[in-house]
Amino acid sequence: MRSKIHGVLFLIVIVFDSVTNATNPSEDVLRELHSKFAKYNKDLRPNIGEDPVTVGVSIYVLAVQDVSDTNMEFTLDIYFRQFWNDSRLSFEGNEAVDKIVFGSEKIEEIWKPDTFFVNEKSSSFTGPATDSDSFLRMGQAGNILMSKRMTVTAGCPMDFSRFPMDSHLCTLELESFAFSMADIHYVWQDGDNSVQLSQDVSLPNFKLLGHRQRDLELVVMSGNYSRLMMDLQFVRTSGGSKYFVPAGLLVAFSWLSFFVDHQKTMARLSLGMAPLFSIIFLEMKAIEEISPISYSTAIDIYMGFSSFIVLVSILVTVVLNVMEKRKDGKKKEEKIKDGKNNLYEACEGQEDAEVKAEEGHVQGCRWWYWIDCGCLVVLPVIFLVFNLAFWVIFGSGNEDVDNLIEL
């Protein structure tokens with residue numbers, strides 16, 4: 001009986017000892033990793049002296065904050081992820097845990113690619129990492145994922161020759177700052193799916209048409225560098241409705257001066273000068289939207305020609321007024337040459353002059369009438385032909401981009 005009791009007590013002791021000494025598999029992994037971190041040198045890249053480290057990159061665009069015409073730049077909110085392998089941090093011996101996720105503090109304790117954005121103007125990439133925007137994930141075989149949420153503002157050279165029907169291809173370029181291709185080789189992690197865009201991406205003045213991915217080898221004096229590029233194509237959505245429609249209406253408004261009697265010079269000039277100043281004001285407002293440039297844009301051409309048509313209507317009024325004054329001057333000179341100095345003859349001559357003036361006025365009105373009618377036909381036709389040519393050239397659509405993945 002005693003032997004049975006001793007046996008039972010012995011089994012209880014063994015079970016209790018096994019339970020108290022049991023450890024969580026994740027704690028074993030952490031203990032193993034901590035021992036490796038103790039002798040880990042973060043200044044040396046993985047497999048130094050051997051093949052270059054392949055760094056995979058993927059980007060998820062959360063939002064496009066801004067596309068600035070005046071500064072020629074664009075701002076993105078993105079998830080920026082980098083993948084590589086560091087066998088020094090592998091823990092293949094434990095199959096219970098396939099990956100471990102760390103916060104931002106561990107990022108500073110390991111070697112990581114010195115990736116930078118070549119054309120950035122400002123970003124949060126080089127700022128201090130926090131647990132709210134960064135994490136580090138390690139796999140059993142030493143596969144590492146470093147992810148960070150960040151805001152990047154990068155330069156975007158823009159061609160405004162088609163403004164305001166323009167489209168722009170903005171590029172985000174990245175590469176290693178210190179390591180050449182002998183040490184780091186960048187690739188798109190998931191092929192054509194390495195760049196993804198949120199469905200909520202939108203802007204008030206631009207529409208995001210699509211994106212594409214590129215990679216190249218940059219050859220400079222210090223060596224060959226691997227570079228990745230993400231292209232985003234933006235097209236202006238505001239178009240020219242707020243400029244071209246008012247300008248066309250103002251041109252048509254200036255033609256009302258041809259319905260006014262040619263002797264009412266000030267009224268005709270007012271109907272021409274008001275549209276001219278309004279068109280100039282519209283062009284000034286349009287120029288304020290873009291960066292200062294040294295070449296003409298589509299809006300410059302349209303507003304310039306519209307101003308020319310309005311100016312022609314003003315010049316017609318001025319020419320008619322000058323011709324009318326010259327005709328009156330010639331009549332006065334003829335009266336002086338007649339030498340009618342006595343009062344009777346002068347009065348008689350005045351009556352004759354009034355009769356002739358009335359007859360000349362009737363003939364003159366017919367002449368001015370045909371000039372006004374000619375302008376009412378010729379100027380609209382010229383303006384219509386110009387509009388057809390203008391919209392064929394500048395309204396033919398967006399610039400085609402090879403291999404663009406449309407949204």
Side-chain angles (χ1 to χ4, degrees), residues 63-75 156-170 197 199-211 232-257 270-314 376 379-401 404 406-407:
V64 181
Q65 287 192 8
D66 184 37
V67 177
S68 175
D69 298 316
T70 54
N71 298 325
M72 292 192 181
E73 63 186 24
F74 67 110
T75 302
C156 179
M158 298 180 177
D159 180 12
F160 295 110
S161 58
R162 300 174 66 90
F163 174 81
M165 291 85 66
D166 50 334
S167 63
H168 305 287
L169 191 67
C170 296
L197 290 85
Q199 297 298 322
D200 300 329
V201 172
S202 63
L203 285 167
N205 295 328
F206 286 93
K207 177 184 178 182
L208 181 58
L209 292 184
H211 69 277
L232 301 176
Q233 187 181 26
F234 298 95
V235 60
R236 195 180 301 274
T237 56
S238 58
S241 57
K242 61 181 179 181
Y243 297 119
F244 297 119
V245 173
L249 293 176
L250 288 169
V251 172
F253 182 80
S254 69
W255 296 334
L256 295 177
S257 62
S270 298
L271 290 173
M273 296 300 293
L276 180 62
F277 290 138
S278 299
I279 292 174
I280 293 174
F281 175 77
L282 282 176
E283 184 172 7
M284 292 175 63
K285 292 294 292 182
I287 293 175
E288 290 178 357
E289 293 189 13
I290 60 176
S291 178
I293 53 178
S294 59
Y295 52 87
S296 298
T297 65
I299 194 73
D300 293 331
I301 296 173
Y302 194 91
M303 294 299 182
F305 194 84
S306 299
S307 300
F308 170 75
I309 295 295
V310 175
L311 188 61
V312 168
S313 65
I314 296 174
L376 283 173
L379 292 182
V381 169
I382 293 176
F383 192 62
L384 177 62
V385 172
F386 165 76
N387 271 273
L388 292 175
F390 178 87
W391 291 109
V392 167
I393 295 173
F394 294 102
S396 57
N398 304 314
E399 181 181 357
D400 293 332
V401 178
L404 184 72
E406 297 184 358
L407 298 181

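For the numbers below, each heavy atom of this structure counts, side chains included, while hydrogens, waters and symmetry mates do not.
A heavy-atom distance below 4.5 Å is not found between the side chains of Leu208 and Leu203. With a 4.5 Å cut-off on side-chain heavy atoms, Val235 and His168 do not count as touching. Taking 4.5 Å as the limit, some side-chain heavy atom of Trp255 sits within range of a side-chain heavy atom of Leu379. Between Phe394 and Ser161 there is no side-chain heavy-atom pair separated by less than 4.5 Å. Contact annotation: the side chain of Tyr302 approaches that of Asn387 to within less than 4.5 Å [non-hydrogen atoms, C-beta and beyond]. With a 4.5 Å cut-off on side-chain heavy atoms, Val401 and Leu169 count as touching. The side-chain heavy atoms of Asp66 and Phe74, taken from C-beta on, include no pair separated by under 4.5 Å. In this structure, Phe386 and Phe308 have side chains that are not in contact, with every pair of non-hydrogen atoms separated by 4.5 Å or more.
Below 30°, between 30° and 60°, or above 60°: for Phe244 and Trp391 the angle between ring planes is above 60°, a perpendicular geometry. Note on ring orientation: taking the six-membered ring where Trp is involved, the planes of Phe160 and Phe163 are perpendicular (angle over 60°, cut-offs 30° and 60°).
When all heavy atoms of Val251 and Ser254 are compared, the closest pair comes out as O-OG, 2.5 Å. Heavy-atom minimum distance, Met165 versus Ala298: CE-CB, 4.1 Å.
Here Phe390 contributes atom CZ and Phe305 contributes atom CZ; the two are 11.5 Å apart, rounded to the nearest 0.5 Å. Leu256 contributes atom CG, which lies 10.0 Å from atom OG of Ser313 (distance to the nearest 0.5 angstrom). With rounding to the nearest 0.5 Å, the separation of OG1 in Thr70 from CD1 in Ile290 is 10.0 Å.
No close placement of the His211 and Phe234 rings is indicated, their centers lying 6.0 Å or farther apart.
For the side-chain hydrogen bond (donor to acceptor under 3.5 Å, both in side chains) test, no residue two or more places apart in sequence or in another chain qualifies with Ser291. A search for side-chain hydrogen bond (donor to acceptor under 3.5 Å, both in side chains) contacts involving Ser167 returns nothing, not counting sequence neighbours. Remark: Asp300 pairs with no residue by the salt bridge (Lys or Arg N to Asp or Glu O under 4.0 Å) rule, at least two apart or across chains. Not a single salt bridge (Lys or Arg N to Asp or Glu O under 4.0 Å) links Glu406 to another residue, sequence neighbours left out. In this structure, the side-chain hydrogen bond (donor to acceptor under 3.5 Å, both in side chains) partners of Glu289, at least two apart in sequence or on a different chain, are Lys242, Tyr243.
A donor-acceptor pair is defined here as one N or O able to donate and one able to accept, closer than 3.5 Å; no such pair exists between the side chain of Arg236 and the backbone of Asp166. Side-chain atoms of Asn71 never come within 3.5 Å of backbone atoms of Glu73 as a donor-acceptor pair (strictly under, hydrogens ignored). The closest donor-acceptor contact from the side chain of Ser257 to the backbone of Leu271 lies at 3.5 Å or more, if one exists at all.
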Quiz item: What do the steps show when you test Val64 against Thr75 for side chain to side chain contact (heavy atoms under 4.5 Å, CB included), and what is the final call?
Solution: CA-CA 6 Å; Val64 181; Thr75 302; over 6 Å; no
Practice problem: Apply side chain to side chain contact (heavy atoms under 4.5 Å, CB included) to the pair Val67 and Met158, showing each step before the final yes or no. | Solution: CA-CA 11 Å; Val67 177; Met158 298 180 177; 3.7 Å; yes
Name each donor-acceptor pair under 3.5 Å that joins a side chain in residues 272-288 to protein atoms two or more places apart or in another chain, with its distance.
from, atom 1, to, atom 2, distance (Å)
Ser278, OG, Ala274, O, 2.9

